[in-house]
Every structure is written in C-alpha cells, then in structure tokens.
Number of protein chains: 2
Amino acid sequence: MVKSNMSQKQEHLSKNQKIVLDMIEKSNQPMKAYSILFNVQKKGIKAPLQVYRALDKLVEMGKIHKIESRNAFIACQNSSCQVAKATAFSICEMCEKVTEISSSGLSKYLASFKDKDGMKYSKYNLEFFGLCKKCR
Amino acid sequence: MVKSNMSQKQEHLSKNQKIVLDMIEKSNQPMKAYSILFNVQKKGIKAPLQVYRALDKLVEMGKIHKIESRNAFIACQNSSCQVAKATAFSICEMCEKVTEISSSGLSKYLASFKDKDGMKYSKYNLEFFGLCKKCR
DNA sequence: TACACAATGTTATAATATAACAATATTTAA
DNA sequence: TTAAATATTGTTATATTATAACATTGTGTA
C-alpha cells in the first residue's frame, strides 16, 4: 500500500477522534463541545482539550462541520465532503434543527462568485435562518 | 411626529449604544466585545454586560453585524441595511481583514434560493474565506 | 533501533457570554 | 399630568466556550 504523505487523511481516525465522531454521528443534530465531553466521559475522555483536539482534526478532515452561529458541531451529511471548505446549512430558529444543504447549483454559484475586486473564494460558510416545516 | 410602535428603530440610540457604535465605526475592522469594553472604559462603561447589551440592540437595528466565525462585530458598510438579516463578508485568513460584500446579484440569488423542500430563507449569513490582495 | 511525528493526558487559565436583581429613565396612554 | 408600561442602566456573580503549556505515550518508517 502506498502511504507517502497521507498520514492524516480520511481512513485513519485515532481513538479519541473515533469516540467524538461516533457521538456526533449518533446525534442527528449539532452538539456542543461540552455536551460531547459530558457524553463521552464513560469512554475515558476527561478534559475539554481532548474533545477540542478531536473536533479540530475532524473538521480538517471534513468529517464534521462547525455551525458557527451556534458554536456546535454536526456530522457531514454529504458523503462526498473530504475537506471542510464549502458548507451551507439551514437552521430553524424555533427548534434549532440544522440541515446541511447540498445543492450543486448553490455550490457552483458560490464557488464562482467574484467580489468587486474580481476576487474568488474557494472556501465559504453559509447559514440560512428560518422556520422548519414542523415549526411553521 | 407620528410615533406608534417605532420606539426601537434606527434614529434613536441610547447613551451606551452610541458609545459602542462610535467605537466600532472608528475601527475599520471587526472588534471583539472585550476589546470594545477595554476601549470604552474611559466613557464610563465598566462591565461586559453593558457592552453585550448594546451590541445586541445594534445588531437588531442592523447598525452592526456579527462575524460569527470570529466572534467579532463590524459596522454595517451598506448604508441601506436597516435590519441584520442578509449579510455576506469576505475574510482574509492571513491578516483577518473583513469586508462586507454588497452584490445585488448575490443577495438576489440567496434571497430566492430554495432548498430541496422548496423552503426559502429571508435571513442568512455568508462568510467567504481567502487571502486579500495585500496578502496574496 | 532510533527518529519523526501524531496523539494523548493533565492542570491551569483565557476568552466569550449570560443570569439575576435592583434602580432609573423614557414613552405611552388614560 | 400622572400612572403604567417599557427600555435602559448598573452591578455582581457565574456560565460557557476555547486555548496555553508541558510532559508522556504511541505509531510508522528510515
């Protein structure tokens, strides 16, 4: 097997990374760091830093995304996400349900968007707010 | 003068709201809450809560916006913003310069965007990341 | 084996934000 | 104009989110 510089790619998760990712995937909604911590203490994770370090790596790998407006983390719902660079979510302001949007139209539009100086951006985060079906 | 229910609209700012807004407007870059606090202590504002309360109101009024990925606040650069509901920024990952994007094409696209369930969102926040001209 | 590097464990602390309560000012409406 | 309603302020304490610093252990590879 060719390894080269892939030491840190998708296939290999460390122990703490697995524990944290499992926890986030079990929840179908975003989890906050200290809520993760509380829920994984029986697995031997004792300190915030252990959680934050795992979160950082998982975000880098694109396994999870941070919902910036909520300081919370959600599992990637696009199986294709290898890297966290272009994300879009809808957030219900009533029940806080968060859904990852995967619209190729939207991602193409944003990936090709140029600002006034002609600058393009390959990395973005978009959060839509509103009321979900149930809450309307 | 007709007042009705306009008690809290653009024209009237309270003392602390003015102080905080002035400070943010003087800075041409986003300011963090505790940096604002430090800089307005000579004006009589002593506690974090005084700053956060002013920030909340100013955000509601659309006078300032929160840069969620940075936990920082920037003065609205679109004179037209009356309400903080649809914002877009570019953020330089090197020097942290933030610019509010005002593109009618972008805002129209996002305002008319529908997700898979046909849901539209009148409120959103978009943050683009990259390198600004100087940093490239 | 030994080197490099990633991951872990641990304590302490920094940075961001809100709760709770009392008081004062301002606006609205009878 | 006065009383009620509402917005704002002041203040102390505390909750929540996140990182610094340092020592140690594991893992893959030269």
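Computed from a predicted model, the values in this text were never measured in an experiment.
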Please check the phosphate of [N] (OP1 and OP2 only) for any side-chain N or O of [X] closer than 4.0 Å.
X: B:Q50; N: D:dT9; answer: no
X: A:K18; N: C:dT8; answer: no
X: A:S14; N: D:dG26; answer: no
X: A:K66; N: D:dA18; answer: yes
X: A:N16; N: C:dG9; answer: yes
X: A:K32; N: D:dT16; answer: no
X: B:K57; N: D:dT8; answer: yes

**Study point:** Closest contact, heavy atoms only, B:K18 versus B:L13
**Key:**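 Shortest heavy-atom separation between B:K18 and B:L13 comes out as NZ-O, 3.0 Å.
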
**Study point:** Side-chain touch B:I45/B:I36, heavy atoms, less than 4.5 angstrom
**Key:**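 Counting from C-beta outward, B:I45 and B:I36 never come under 4.5 Å.
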
Point to revise | Side chain to side chain, A:E93 and B:K123, heavy atoms closer than 4.5 Å | key: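 Yes - at least one pair of side-chain heavy atoms lies under 4.5 Å apart.
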
**Study point:** B:A47 vs B:N71, nearer the 5' end of DNA chain D by closest nucleotide
**Key:**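 Upstream on the strand: B:A47.
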
Point to revise | ring pair (Phe, Tyr, Trp, His ring centres under 6.0 Å) partners for A:F113, two or more places apart | key: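 Partners of A:F113 by the ring pair (Phe, Tyr, Trp, His ring centres under 6.0 Å) criterion, ordered by chain and then number, come out as B:F128.
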
Separation of [X] atom [atom1] from [N] atom [atom2], in whole Å?
X: A:I67; N: D:dT17; atom1: CD1; atom2: C1'; result: 16 Å
X: B:I36; N: C:dA15; atom1: CD1; atom2: C1'; result: 14 Å
X: B:K46; N: D:dA13; atom1: NZ; atom2: P; result: 15 Å
X: A:Q17; N: C:dA7; atom1: CD; atom2: C1'; result: 8 Å
X: B:Q41; N: D:dG10; atom1: CD; atom2: P; result: 13 Å
X: A:L37; N: D:dA15; atom1: CG; atom2: P; result: 16 Å
X: B:M61; N: D:dA7; atom1: CE; atom2: P; result: 11 Å
X: B:R70; N: C:dA15; atom1: CZ; atom2: P; result: 17 Å

Any donor-acceptor pair under 3.5 Å linking the side-chain atoms of [Y] with those of [X]?
X: B:T87; Y: B:N125; value: yes
X: B:K114; Y: A:S103; value: no
X: A:S69; Y: B:K66; value: no

Kindly give the atom pairs (protein nitrogen or oxygen, nucleotide nitrogen or oxygen) under 3.5 Å for nucleotides 19-25 of chain D.
none

